[in-house]
Trainee: 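Sharing a structure here in structure tokens format.
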Amino acid sequence: MAADILANLNEPQREAVKKTEGPVLVLAGAGSGKTRTIVHRIAYLIHEKNIFPNRIVAVTFTNKAAGEMRQRVLEVAGDAAMSCILKTYHSLGLYLLRELCGYISFPRDFTIWDDTDQNGAINGVLESLSRDKLNKTHIKYFSQKIGSFKDNLISPEQLPEKINLDEIEFGDILQEVYHLYEQKKMDSRAMDFSDLLYQTVKIMENFPESLANFHRRYHYFLVDEYQDTNHSQYTMINLLAKGRNNLCVVGDDDQAIYTWRGANINNILDFNRDFPDAMTVKLEENYRSTQPVLDLANDVINQNKNRMDKALWTQIRDGQKPALYILNSDIDESKQIAAQIENAISSGVAPSEIAVLYRVNSQSRLIEEALLQKKIKYRVYGGVSFFGRKEVKDILAYLRFLVNPFDEAALLRLVNNPPRGIGEKSVERLVEFRNEVMQKERTLSDFLRIFSLIEDSGLNKKAADGISQLFTWMKDMREKIMRKVDFALLIEDVLERSGLKAAIEEEDRLLGTSRMENITELKNSMIFFQRTHPDAVLNDYLQEISLFSNTNDLGEPDDGVCLMTVHNAKGLEFDTVIIAGLDDGIFPHYLAAERDDGEEERRLLYVAITRARRQLFFTRAKRRMMQGFVQTTNPSVFISQINETLWEKNDYSLNQPGFVGYSGSRNNYGEKKAPGSYLQKQNEIIKNKTKNSFNNVIDLNNVNSAQKAGEFRSGDRVRHPNFGVGKIFKIEGSGDAAKVHIFFGDNKSRKFILKYTRLEKA
DNA sequence: CTTGAAGCGATTTTT
DNA sequence: TCGCTTCAAG
């Protein structure tokens, strides 16, 4: 067995596999067999070193990568590998956290809040501070900040010492909002996404015996995509692995594409500092792509200054030259893509070996249409996910509430959905009443009495009736689900009694939607789950799917063309890859310019290119629908930066001088300037960049860099000729084009273009 | 107070 | 296109 395991590896790969004890850093270029190395290392540990599979923990970044790895581990190591712990960071966090809950007397069957739930809760907090009706931007602002604090393991109490609050927007209330949000979440018996790492780390730190326990249990750790770990992920893995120091991390600094989410590339650059006795292995031979594909990839990535030196090479010398197709419109572009796919398929490429990669999810729509027209099977990954659909979330809110009646987010979602006469005011009162009860009734059974106390709540008759009716059957049903229950019957029952069924059917009939089909799909997914997990209770299902909130994947086979964002494609490979939308503003994306020095978008392109084994195509559209308008686009800067000899350019826009496709009411061709040119933004930013030093402060995605526009900066109090005195909340862009968001006394924020606004300091 | 209709505006990347 | 906010009517 051992011979087999080592046989198909090259020298550095074999080294990385055989050095099972102590820390190992594998710097692996794209396509250099990094997953292969991890998989074989696991097999080697099991079969050669006789390690119990359940002592081995392997961590990946995405669900898709985890699934793929599990499959390959089973292929190489056999069924013995079944009991390996093979998870994403978040599912590992959840797995450990359920156990750790005992240390803080928190129920282990907590609810997991997604971003929407989190935003709702933060909104509630802001209202309770009577800063009511802050708009969406503000809620997003607070939730981003809180998320980034947690990603950096900063508790509400630590906030003032770690962050200079004077320099941040709303610094005066940030700590309070953070604290109240945490309170509300705990009261709801819920954890948010960040908690799956944050709480796990905090509890392991505060209760060393819990960590020692894990150290006894888990002996070998493998981490994929190490370049994309953020501080909390990094800390979690390091705490766990410090027990025996058997940590093998694999990554590629050229593929770091998550710094926007707090990933810290220094985690991989400083591995040798954290683990001084680490062995470093470099994998530089690429087994995936042909020379022409690799040449183009190298040409792109070599333009980045800030990178470790690497030289990828391949033995697959021959290959097709990559090609760029320039089209007149995004509609033509999608047709061209469909045609390329048709070609590839007829030349023998399997549809599942073809991928269309794009920068933003919204690009998928037209491509889908073109593929539908040609009757090409496809599958979209990510985007508006199945579990993100309104009707699915609606019904899930009921299920969540049945499991955990403390869950405020679920309550708010379901209470007047479908409409039952409980409007905004009644909800407000209900929540107040609920919080009062919660002060007194700490246990669940006491708390459930809220259902029968509604009459005393001061609600109007209609609302009180609605609520007591609702709660009567829910209380009933809750008793049912405490016992073992058939998921299919349960969801049927909830649909019926909630009135959701009637409401959804009515909507389908009137608007021609097919929401009911999605409900049926949800039901199928629950049935499938119960069949595969016979002992599972409802909350096991709910927790599981909350980590899959970004999938459309409900277990169907992967047999169509893959459509996904470049981010989603990381770690995957395909025979034929088409990269769509090489237009300025799309790729690189105009909103990335504010944060990115230009290199992350380029790394993103590099990741996209290196997904391809044999065929690589790019497309660009001279006009495309953006933000509701058809707009003229400039070529992506990447096009001019790529050496001409490395690809073929086919300008099909010249053959068809007319603008095909757009007709009817939307006719302002080219009238509107493209919303964002990446280049333009970059230049402005470079010009206006103020020098900040971050010596003693953690850089939380630049929380501390107060933005300036002319003489104004965010945080300033200003007087507007029409609206009076307000505070600058946010500044977008700079120079004359800068847009200033000002927050006025009437609790509304308004946006102005600085150039056209007569502002003075107040 | 609640609801439904009409108008509006805004759209990165993900666990 | 779609989801959200705003507005007027019941």
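Model, not experiment: these values are computed from the prediction. For the numbers below, each heavy atom of this structure counts, side chains included, while hydrogens, waters and symmetry mates do not.
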Trainee: Begin with the C-alpha distance, continue with both residues' side-chain angles, and end with the deciding distance and a verdict on side chain to side chain donor-acceptor pair (under 3.5 Å) for A:Tyr89 and A:Ser232.
Mentor: CA-CA 10 Å; A:Tyr89 279 104; A:Ser232 61; over 6 Å; no
Trainee: Select one nucleotide: of B:dT2, B:dT15, B:dT13, the one nearest the side-chain heavy atoms of A:Arg261.
Mentor: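 So the nucleotide nearest the side chain must be B:dT15.
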Trainee: If you check every side-chain atom of A:Leu591, which of B:dC1, B:dT12, B:dT15 has the closest atom?
Mentor: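 That would be B:dT12.
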Trainee: Could you tell me how far apart A:Lys462 (NZ) and B:dT2 (P) are, to the nearest whole angstrom?
Mentor: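 Rounding to the nearest Å, NZ of A:Lys462 and P of B:dT2 are 8 Å apart.
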Trainee: Assess, by modelled atom type and distance only, whether the side chains of A:Ser143 and A:Asn119 contain a donor and an acceptor separated by less than 3.5 Å.
Mentor: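 Result is yes, a qualifying pair exists.
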Trainee: In whole angstroms, how far is the P atom of B:dT15 from the CE atom of A:Met236?
Mentor: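 After rounding, the gap between these two atoms is 15 Å.
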Trainee: Base, sugar-phosphate or nothing for A:Thr62? Non-hydrogen atoms, less than 4.0 Å.
Mentor: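 The residue A:Thr62 makes sugar-phosphate contact but no base contact.
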Trainee: For A:Gln543 and A:Arg98, test the side chains for any donor-to-acceptor distance below 3.5 angstrom and give the result as yes or no.
Mentor: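 A donor-acceptor contact under 3.5 Å links the two side chains.
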Trainee: Rounded to the nearest angstrom, tell me the gap between atom CD in A:Glu507 and atom P in B:dA5.
Mentor: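 Taking CD of A:Glu507 and P of B:dA5, I get 12 Å after rounding.
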Trainee: Within the 4.0 Å heavy-atom criterion, would you say A:Asn416 contacts the bases, only the backbone, or no part of the nucleic acid?
Mentor: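 A:Asn416: backbone/sugar contact only, no base atoms under 4.0 Å.
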Trainee: Find the distance A:Lys140:NZ to B:dT11:P and express it as a whole number of Å.
Mentor: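 Result: 6 Å.
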Trainee: Return the value, rounded to whole Å, for the distance between atom NE2 of A:His90 and atom P of B:dT14.
Mentor: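 It is 14 Å, rounded to the nearest whole Å.
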Trainee: Please determine, for the side chain of A:His567, which listed nucleotide (B:dT11, B:dT14, B:dC1) has the closest atom?
Mentor: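 Nearest to the side-chain atoms of A:His567, counting from C-beta on, is B:dT14.
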Trainee: I need the CD-P distance between A:Gln118 and B:dT14, as an integer number of Å.
Mentor: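 To the nearest whole Å, that distance equals 17 Å.
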Trainee: For a quick check of understanding: with a heavy-atom distance under 4.0 Å over all strands, which category does A:Leu196 fall into, base, sugar-phosphate or nothing?
Mentor: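 No contact at all - A:Leu196 keeps every heavy atom at 4.0 Å or more from the nucleic acid.
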Trainee: What's the closest nucleotide to the side chain of A:Ser426 if the choices are B:dC1, B:dT12, B:dT15?
Mentor: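 Side chain of A:Ser426 sits closest to B:dC1.
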Trainee: Grab the CG-C1' distance between A:Asn230 and B:dT14 for me, whole Å please.
Mentor: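 Value for this atom pair: 12 Å.
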Trainee: Within the structure shown, what part of the strands sits under 4.0 Å from A:Tyr258 by heavy-atom distance: base, sugar-phosphate, or nothing?
Mentor: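 Answer is sugar-phosphate: A:Tyr258 comes under 4.0 Å of backbone atoms only.
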Trainee: Rounded to the nearest Å, what distance is computed from the CG atom of residue A:Asp224 to the P atom of nucleotide B:dT14?
Mentor: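 Those two atoms, CG and P, are 18 Å apart.
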Trainee: Remember a base hit wins even if backbone is also touched, and classify A:Arg359 as base, sugar-phosphate or nothing at under 4.0 Å, heavy atoms.
Mentor: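 If one applies the 4.0 Å heavy-atom cut-off, A:Arg359 turns out to touch a base.
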Trainee: What interatomic distance, in whole Å, is found between P of B:dA10 and the corresponding atom of C:dC7?
Mentor: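 One P to the other, the span is 16 Å.
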Trainee: Does this structure show an ion pair linking A:Asp584 with A:Arg620, if we count only N-O contacts that are shorter than 4.0 Å?
Mentor: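 Here A:Asp584 does not pair with A:Arg620 in a salt bridge, since their nearest N and O are not under 4.0 Å apart.
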Trainee: On the ring face of A:Tyr178, is A:Lys145 found with NZ or CZ under 6.0 Å from the centre and within 45° of the axis?
Mentor: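 Relative to the ring axis of A:Tyr178, which defines the angle, A:Lys145 lies outside at least one limit.
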Trainee: Of the nucleotides B:dT14, C:dG3, B:dT12, which one has an atom closest to the side chain of A:Asn568?
Mentor: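 Minimum distance to the A:Asn568 side chain belongs to B:dT14.
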Trainee: Taking for each residue the nucleotide of DNA chain B bearing the nearest heavy atom, is the 5' side occupied by A:Asn361 or by A:Val427?
Mentor: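 Going by which nucleotide is closer to the 5' end, it is A:Val427.
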Trainee: Can you check whether A:Thr565 has a side-chain N or O nearer than 4.0 Å to OP1 or OP2 of B:dT12?
Mentor: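 No, A:Thr565 has no side-chain N/O under 4.0 Å of OP1/OP2 on B:dT12.
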Trainee: Does a side chain donor of either A:Tyr606 or A:Gln255 reach within less than 3.5 Å of an acceptor in the other side chain?
Mentor: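 Judged by distance alone, the side chains do not pair up.
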Trainee: Consider the side chain of A:Pro419, meaning its heavy atoms from C-beta on, and name the nucleotide among B:dT3, B:dT15, B:dT14 that approaches it most closely.
Mentor: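 It is B:dT3.
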Trainee: For B:dT3, take OP1 and OP2 only and decide whether either is under 4.0 Å from a side-chain N or O of A:Arg420.
Mentor: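 For B:dT3, neither OP1 nor OP2 has a side-chain N or O of A:Arg420 closer than 4.0 Å.
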Trainee: Heavy atoms only, 4.0 Å cut-off, all strands: where does A:Ser91 land among base, sugar-phosphate and nothing?
Mentor: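 Counting heavy atoms under 4.0 Å across all strands, no contact is made by A:Ser91.
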Trainee: Between C:dG3, C:dC2, B:dT14, which one does the side chain of A:Arg365 approach most closely?
Mentor: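 Nearest nucleotide to the side chain: C:dC2.
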Trainee: Please tell me which of the listed nucleotides, B:dT13, C:dG3, B:dT15, lies nearest to the side chain of A:Arg515?
Mentor: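 Looking only at side-chain atoms, A:Arg515 lies closest to C:dG3.
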